[in-house]
Each structure stands twice: as structure tokens, then as C-alpha cells.
Amino acid sequence: MTSSNHSSDDSSRASSGIDRRELMRRAGMAGAGAGMVSIAGCGGQNDDGTTTQGTTGSSDGSGGSGVADDSFANYVTANPTNWQFNHFNFTQPFSHPMQTDMLQRWVISTNEFSDYAVSIDEFDGQNERAVLSVRDGLTWHNGDPGDPVTGEDLMAWFVCHAAVNSTVAGLYNANDIEVTGDRQIELPLDGSVNESIFRQSLNNFWLNVPYHRYGEYVERFMDATSDEERNSVRTDLRSASFDEPFGNGPFKFVSRSSNRLRMELYEHHPDADQINFDYWDVIRASTDTASVVLGMAPEGDIDMVRNFTPPQSVLSQAKQNDGILTNQIPALWGQALPFNCGHEDFGNIRVRQAIAELIDRDLVSRNYGEFGVPVQAPSGLVGNINGQNEQTDRWTRWVTDEGEEQLHRYQNPERGRRLLREEGYTKQGGKWMRPDGTQLSMPIKVPSGYTDWHPIYQTISSLLTDEGIDSEVKMIDSTSYYPNHYLEGNYVTAATGWTLGRDNPWYTFGQWFRPLADKVYKMNFKPTEVEVPPVGEPDGELQSVDVLQLFQNVRNASEENLQEAITEFAWVANQFIPMLPILEINDTAWMTSDDWNWEPAKDDAAWQAKWPQWWFPRMGLMNGKSN
């Protein structure tokens with residue numbers, strides 16, 4: 001989810017559900033990567049309201065853990081006192097990856113999965129069932145130790161994700177989940193399900209739905225007998241705000257101020273003995289991320305920026321700064337241009353295709369920087385970039401050779417102009433005019449805080465302005481962008497990621513076309529009304545397609561026929577383009593190494609799991625250096 005200082009799928013964690021952050025790439029964005037504060041001087045407000053220079057060291061100043069720095073700090077740009085703790089509510093949610101545990105770990109480069117908070121004990125896709133268990137020894141932060149994390153909590157996780165229409169929810173029947181043991185559930189699948197798709201569905205999610213907190217919504221959803229009742233649960237769950245934090249991870253919430261949220265080591269966590277420092281801080285620092293990363297070492301308060309795509313000049317300076325460590329991780333993600341498909345102009349597939357032809361994705365990528373490459377055939381297929389930031393054709397492995405050749409590349413501005421003329425638009429005095437005589441206008445809403453996104457959309461706007469289309473970038477405050485604009489369908493065109501941070505195209509198709517996607521991503525079209533030209537004939541007469549059947553075909557496909565099923569769906573995505581994938585990127589993770597040991601070599605596969613900063617402490621691969 002995610003580029004730079006935002007989280008991808010599920011608004012990161014919020015976005016997990018969106019997983020949308022991906023939302024987050026998409027959303028969860030607040031917890032993992034948002035945040036800020038002036039790096040110079042590093043003055044901050046303590047939890048008691050006093051101010052101080054610097055925030056590192058133990059709370060009593062003794063450095064009692066025996067390490068040079070007993071508090072590790074990651075960077076955010078938001079005010080921690082504004083956060084609330086219901087991560088299903090996209091308005092300033094907070095759920096830190098060290099405060100709760102991820103369901104599983106996925107090493108992208110080797111495609112290896114490791115169970116973590118949850119294990120898949122049995123998976124029988126043909127007989128439509130799976131058995132899953134919570135990790136033994138995992139407890140909530142509500143005591144010393146707290147209550148065990150149970151099968152009932154795991155059931156609550158799946159039910160609430162069904163309530164909010166998370167992508168994973170399309171794979172099972174929430175109403176028939178059975179709690180079969182203290183830590184175990186049996187999950188009834190919704191028809192036959194490809195196992196690799198199910199496994200990837202658990203990525204980028206945290207076990208963060210305690211029944212004691214979400215039980216009201218769980219019971220209401222399971223008792224609901226109509227869509228109206230289920231929608232009511234969804235609305236209430238999305239709007240609820242929790243004041244009290246909770247968690248089950250290796251660090252437990254202690255306190256927060258306007259500039260810092262502090263967590264302390266939770267010694268009852270199964271992996272607590274892998275960690276030799278006492279605190280994990282979330283520090284608010286400057287929105288100028290470049291200045292933050294360059295100030296991290298040797299004297300800065302910030303020890304980590306989860307990911308930030310820098311200008312080359314910043315990366316070069318950082319490489320000369322002893323104590324700053326960087327590494328690149330496949331984003332499986334990139335920026336896109338979603339269209340409001342209910343708009344008078346952009347609800348027209350031919351207008352969307354025309355815009356796609358007029359946008360030079362190669363130029364946009366160059367303006368973004370060396371960490372991104374243009375998407376070659378916009379269609380939801382991931383794999384356009386390698387670890388050296390070079391163009392690659394790995395995306396072609398998802399489709400047949402014939403299917404790959406048929407996908408339209410959208411590199412022909414003259415076709416774009418022809419399509420506009422065929423739809424009644426005319427060019428007069430260098431300006432494209434709508435059939436009613438007014439100028440064609442395409443404003444682009446962009447979150448103001450995602451600074452490395454801005455050159456992308458500014459370039460698009462400039463290209464269209466030069467073409468004669470009225471276009472401007474409208475900056476929207478980052479805290480309100482997703483909940484009040486993008487997720488409400490309140491835009492003409494917008495900015496977001498085009499995947500959910502997983503490489504199987506099923507997830508991208510789900511983000512764009514899933515039956516309930518319009519209630520989550522709000523591109524304002526109904527999958528039942530999708531029309532596209534015949535396969536291989538981009539200018540052919542539009543025909544209705546059964547998107548729901550295409551979606552089922554991919555989900556149910558065996559590994560042997562998955563490529564055929566994806567090929568069929570990719571053509572529809574390539575032609576309908578509810579959002580236009582612009583580029584695919586690598587993420588750059590930033591860490592300090594002056595006070596911290598990061599054990600694996602930079603080319604070790606262990607780095608290629610999102611995000612190593614969350615995993616290495618748990619695995620004993622990152623620790624504080626001794627005094």
C-alpha cells in the first residue's frame with residue numbers, strides 16, 4: 001500500500017480492511033506511517049505536558065535495559081491525540097503493527113508464507129472448508145497477563161471483515177463460522193476457492209478484532225436477515241470510535257501526547273524474549289519526510305521511516321550518512337487514476353479510454369523518480385518493476401501469450417482524440433469542448449500529505465492542460481481524503497493505489513469489480529452493467545459481460561487453469577478501466593543502525609517481507625546495541 005509515508009491496503013491498517021489501505025494501501029495509514037514533527041532540535045511535548053529536547057532513553061532516564069537506546073521510534077505526521085482505536089473507522093484510526101500481531105508473514109521474493117498470529121490447520125478448497133487457529137500463548141493487553149486470544153476473537157475478525165466487505169470476505173460465509181475450540185474455528189468457504197488466493201488474502205491483516213470490543217457488531221451482523229440490517233451494521237461499525245487502545249503484540253500502549261505515543265514491552269508476548277529494549281515510540285515529526293530521514297542519525301529521535309520514496313539527491317545524502325540504513329521492498333503496488341464512473345463525462349468508457357491514451361505514463365514515471373516504472377498494459381497485472389527499479393515483463397506470467405498480445409497498451413494520443421470526437425466532443429481554439437459547448441474538465445483530487453505522489457498527478461494535469469482539457473490538482477487534507485472524498489465517490493478523478501499489495505490479479509480485479517466494491521471504493525458503477533468491446537477488438541461494439549462469473553472463474557480456478565481465467569478478466573479490466581494504473585513502484589524502507597543491529601545482509605530474502613521493521617524485532621534479528 002503503498003508508497004512513501006502512507007500505508008498501502010488497507011489505509012494501511014484501516015486500509016487493511018480496505019486493505020484498502022490498502023487502503024490502506026489503503027488507510028491504516030495513520031498507524032503505520034503517518035505522523036510528523038520538526039526534526040530540527042527535536043523538541044517535543046511530554047505526556048505530562050512539559051517539553052524536552054529529545055525523547056529517547058528509558059522513562060526514568062536510567063537506560064535500564066542495558067542498551068544504548070532503549071526506545072525505538074518510528075515516524076508519523078499526525079497528532080497522536082487525534083487518533084481513535086477502531087481501525088474499521090477510517091477517520092484517524094490507530095492500530096500499530098507492534099501493538100497487534102499480523103496473521104502471517106509472506107516473503108515476497110520466495111513466495112513463502114509463515115503462520116504467525118493465525119495458522120491454517122486444514123484447507124480443503126473443493127469441500128469448501130478451512131480450519132484455523134490462534135497462536136498458542138497470545139493474550140490481550142488487558143491484564144498481567146491479559147485474557148487469551150481465542151477462537152471467538154478469530155470468529156469476530158472474520159465476521160467484522162464480512163460486515164465491512166473486505167476483499168477476504170468474498171471467500172467465506174460469515175454466518176456459518178463455528179468456534180470449534182478455545183483457539184480454533186472452522187471457516188465455511190463460499191464455494192470452491194483457490195488455496196493460493198485464500199492464503200494471500202490473509203496478508204496485510206492484523207488479529208485486531210477482540211470479541212469483547214466488537215461483539216455487539218458481530219452478533220448484530222450474524223442475526224441480520226436483510227441487506228438493510230447488514231448495511232446498518234456496516235455503517236455503525238465504520239462510524240464507531242474507540243477511545244481505549246487494545247492489542248496483543250509485543251508492545252503495549254502506555255501513553256500519548258500531541259507529539260508522541262509510547263508503548264512498552266509486553267513481557268507475556270510469545271516473542272518478547274527476542275527483544276532487548278523497553279519502549280517503542282511513535283513520534284510526530286515534520287511533514288518534510290526528506291528532512292526527517294536525513295536527520296535520523298546520528299542524533300535524531302526518529303529511528304525508522306517505514307517507507308519513503310526520496311528524490312535522488314536525498315538518497316545520495318543518506319548513503320553518505322553513517323547510521324542510516326535503507327533497503328528496497330517490492331511494493332506490488334503503484335499509483336493510479338480512478339475515474340468517477342457515474343460522472344457525465346467519465347462514466348463513458350470511450351472518454352476514459354481517450355484520457356488513458358492522452359496520458360504519457362512513461363513521462364509520468366520519469367517525473368516520479370527512479371523507483372517507479374510505467375505500467376505496460378493497464379489491466380490489473382502486477383509485475384512491471386524489478387528490484388533494481390528496472391522495467392520487467394513479469395506481469396505477463398499471469399496471462400496466456402495470446403492474451404498478453406491482445407491487451408491494449410494505451411500509447412496512442414491520436415486514438416484518444418478520435419474517441420473524443422466520436423463521442424461528440426470537439427476541439428476549438430485548442431480546447432476540448434463538451435457536446436453542450438462547455439470545456440471538458442478533469443480535476444484530480446490528491447491527498448495533500450503524500451508528497452511523493454504529487455509529481456505524478458501534477459504531470460497528468462499538465463499533460464491534459466496542454467491537450468486542451470481543463471485540469472487541476474486539488475489538494476485535500478490527508479485525514480479527510482479517504483473518508484470524505486475518495487471512499488464517498490466524491491471526486492471526478494482521484495489518486496490512489498491500483499492494487500491491494502498482493503500480486504495475484506484476483507485482488508486487483510476485486511478492488512475494481514467485486515460485487516460490493518462500489519460500497520468500499522466507490523468508483524460509482526455497477527459490475528452488472530459493465531460493457532466492453534470484444535476480445536482483441538478495442539474499437540469494436542460494446543457488449544455486456546458477466547463480471548460476477550469472471551470473478552468466480554478466477555477465484556475457483558485450479559492452478560492449471562488460473563492463467564486462462566485471469567486472461568479473460570484482464571481483457572475486461574484493460575478495456576473498462578474504472579481506474580487507470582499509471583506506474584508500479586518499489587518501496588524504500590529507512591532505519592538507523594547507529595544504535596540498532598539489523599542482522600540479515602541487505603540482500604537476504606528476510607528483508608523482502610512487508611515490513612522488516614515489524615518482523616525483525618519479533619524474530620530476534622534486530623536489537624539495541626549494548627552500552
Problem set entry | Gln84 side chain to Gln92 side chain, donor-acceptor N/O pair below 3.5 angstrom | no
Problem set entry | Side-chain heavy-atom pair Ile566, Asn504 within 4.5 angstrom cut-off | yes
Exercise. What are the two closest non-hydrogen atoms of Pro93 and Trp83, and how far apart are they?
Worked result: O-CD1, 4.4 Å
Exercise. Can Tyr482 and Thr91 be counted as having a side-chain donor-acceptor contact under 3.5 angstrom?
Worked result: no
Exercise. His96 pairs by ring pair (Phe, Tyr, Trp, His ring centres under 6.0 Å) with which of Trp614, Trp206, Phe85?
Worked result: Trp614
For this session: Please check if any side-chain donor atom of Gln335 sits under 3.5 Å from a side-chain acceptor atom of Thr496, or the reverse.
Result: no
Exercise. So Phe569 and Phe513, would you call those rings parallel, tilted or perpendicular, with 30° and 60° as cut-offs?
Worked result: tilted
Exercise. Do you know the tightest heavy-atom contact between Leu464 and Met442?
Worked result: CD1-CE, 3.1 Å
For this session: Step by step, work out the side chain to side chain donor-acceptor pair (under 3.5 Å) result for Asn367 and Thr459.
Result: CA-CA 7 Å; Asn367 285 350; Thr459 302; 2.9 Å; yes
Problem set entry | Exam field: side chain Asn524 to backbone Asn340, donor-acceptor pair closer than 3.5 Å | no
Exercise. Can you find a pair of side-chain heavy atoms, one from Asp466 and one from Leu463, that are under 4.5 Å apart?
Worked result: no
Exercise. Passes side chain to side chain donor-acceptor pair (under 3.5 Å), Gln575 versus Gln353? Steps please.
Worked result: CA-CA 7 Å; Gln575 293 298 304; Gln353 290 182 340; 3.1 Å; yes
Exercise. Atom OG in Ser365, atom CG in Asn389: separation rounded to 0.5 Å?
Worked result: 11.5 Å
Exercise. Is there side-chain contact between Val554 and Leu550, with at least one heavy-atom pair below 4.5 Å?
Worked result: no
Problem set entry | Side chain to side chain, Val473 and His454, heavy atoms closer than 4.5 Å | no
Problem set entry | Step-by-step side-chain contact (heavy atoms from CB on, under 4.5 Å) determination, Trp506 to Asn194 | CA-CA 10 Å; Trp506 183 82; Asn194 180 299; over 6 Å; no
Exercise. Donor-acceptor pair, Asn384 side chain versus Glu584 backbone, under 3.5 Å?
Worked result: no
For this session: Please determine, by modelled atom types, if Asn74 and Trp280 share a side-chain donor-acceptor pair under 3.5 angstrom.
Result: yes
Exercise. For the rings on Trp157 and Phe205, is their centre-to-centre separation under 6.0 Å?
Worked result: yes
For this session: Answer yes if the side chains of Asp503 and Gln200 hold a donor-acceptor pair under 3.5 Å, and no otherwise.
Result: yes
Exercise. Short question: side chain of Asn86, backbone of Ala240 - any donor-acceptor pair under 3.5 Å?
Worked result: yes
For this session: Kindly indicate whether the side chain of Asn490, heavy atoms from C-beta on, has any atom under 4.5 Å from the side chain of Asn484.
Result: no
Problem set entry | Exam field: side chain Thr588 to backbone Gln328, donor-acceptor pair closer than 3.5 Å | no
Exercise. What orientation do Tyr486 and Tyr481 show, parallel under 30°, tilted 30 to 60°, or perpendicular over 60°?
Worked result: parallel
For this session: List the steps, then state whether side-chain contact (heavy atoms from CB on, under 4.5 Å) holds for Arg361 with Gln411.
Result: CA-CA 8 Å; Arg361 299 189 302 282; Gln411 296 173 322; 4.2 Å; yes
Exercise. Can you name the nearest heavy-atom pair linking Gln388 to Asn386, along with the distance?
Worked result: N-OD1, 2.9 Å
Problem set entry | Exam field: side chain Arg618 to backbone Gly249, donor-acceptor pair closer than 3.5 Å | no
Exercise. Ignoring hydrogens and geometry, is there a side-chain-to-backbone donor-acceptor pair from Asn327 to Ala589 under 3.5 Å?
Worked result: no
Exercise. Between Trp590 and Asn307, is any side-chain donor less than 3.5 angstrom from a side-chain acceptor?
Worked result: no
Exercise. Is there side-chain contact between Val382 and Arg394, with at least one heavy-atom pair below 4.5 Å?
Worked result: no
For this session: Give a yes or no on whether the backbone of Thr508 and the side-chain of Thr499 come within a donor-acceptor separation of less than 3.5 Å.
Result: no
For this session: Let me see the working for Trp615 and Tyr116 under ring-ring contact (aromatic ring centres under 6.0 Å, His included), right down to the final yes or no.
Result: CA-CA 10 Å; Trp615 287 113; Tyr116 194 65; 5.0 Å; yes
For this session: Determine, for Asp190 against Arg555, whether the closest basic-nitrogen to carboxylate-oxygen distance falls under 4.0 angstrom.
Result: yes
Problem set entry | Test side-chain contact (heavy atoms from CB on, under 4.5 Å) applied to Ile359 and Asp362, Leu363, Ile355, the passing residue | Ile355
Exercise. Are the ring centres of Trp607 and Phe616 closer than 6.0 Å?
Worked result: yes
Exercise. Step by step, would you call Tyr172 with Phe158 a ring-ring contact (aromatic ring centres under 6.0 Å, His included)?
Worked result: CA-CA 9 Å; Tyr172 58 87; Phe158 281 102; 5.0 Å; yes
Exercise. Is Lys610 reaching over with its side chain to a backbone N or O of Ala331, donor-acceptor style, under 3.5 angstrom?
Worked result: yes
Exercise. Can Ile582 and Ile460 be said to form a side-chain contact (heavy atoms from CB on, under 4.5 Å), step by step?
Worked result: CA-CA 10 Å; Ile582 303 293; Ile460 292 172; 4.0 Å; yes
Seminar exercise, completed: Closest heavy-atom pair, Tyr457 versus Ala336, reported as atoms and distance to 0.1 Å, is OH-O, 2.6 Å
Problem set entry | Arg502 NZ/CZ over Tyr507 ring centroid, <6.0 Å and within 45° of normal | yes
Problem set entry | side-chain contact (heavy atoms from CB on, under 4.5 Å) partners for Leu294, two or more places apart | Val314, Gln317, Ala318
Exercise. Quick one: does Leu237's side chain get under 4.5 Å of Val164's, heavy atoms only?
Worked result: yes
Exercise. Relative to Phe576, does Arg352 satisfy both conditions: NZ or CZ under 6.0 angstrom from the six-membered ring centre, and within 45 degrees of the ring's axis?
Worked result: yes
For this session: Verify ring-ring contact (aromatic ring centres under 6.0 Å, His included) between Trp453 and Tyr368, making sure each step is shown before the conclusion.
Result: CA-CA 8 Å; Trp453 290 22; Tyr368 176 73; 9.5 Å; no
Exercise. Between Glu488 and Arg238, is there a salt bridge with N-O shorter than 4.0 Å?
Worked result: no
Seminar exercise, completed: Those residues at least two apart in sequence (or on a different chain) that pass side-chain contact (heavy atoms from CB on, under 4.5 Å) with Asp345 are His343, Tyr425, Arg434, Leu440
Exercise. Atom OG1 of Thr567 and atom CD of Glu404: how far apart are they, to the nearest 0.5 Å?
Worked result: 10.0 Å
Exercise. Side chain of Glu472, backbone of Pro443: donor and acceptor closer than 3.5 Å?
Worked result: no
For this session: Work out which heavy atom in Pro581 is nearest to a heavy atom in Pro378; give both atom names and the distance.
Result: CD-CB, 3.7 Å
For this session: Starting from the C-alpha separation in whole Å, work towards a yes-or-no answer on ring-ring contact (aromatic ring centres under 6.0 Å, His included) for Phe242 and Phe88.
Result: CA-CA 10 Å; Phe242 299 158; Phe88 290 111; 9.0 Å; no
Problem set entry | Under 3.5 Å side-chain donor-acceptor pair for Asn203 and Gln104 | yes
For this session: Of all the heavy-atom pairs spanning Gly380 and Pro505, show the shortest one and how long it is.
Result: O-CB, 3.7 Å
For this session: Look only at the side chain of Trp498 and the backbone of Leu583, and say whether a donor-acceptor pair between them is shorter than 3.5 Å.
Result: yes
For this session: Taking the side chain as every heavy atom from C-beta outward, state whether Val107 and Phe113 have any pair of such atoms under 4.5 Å apart.
Result: no
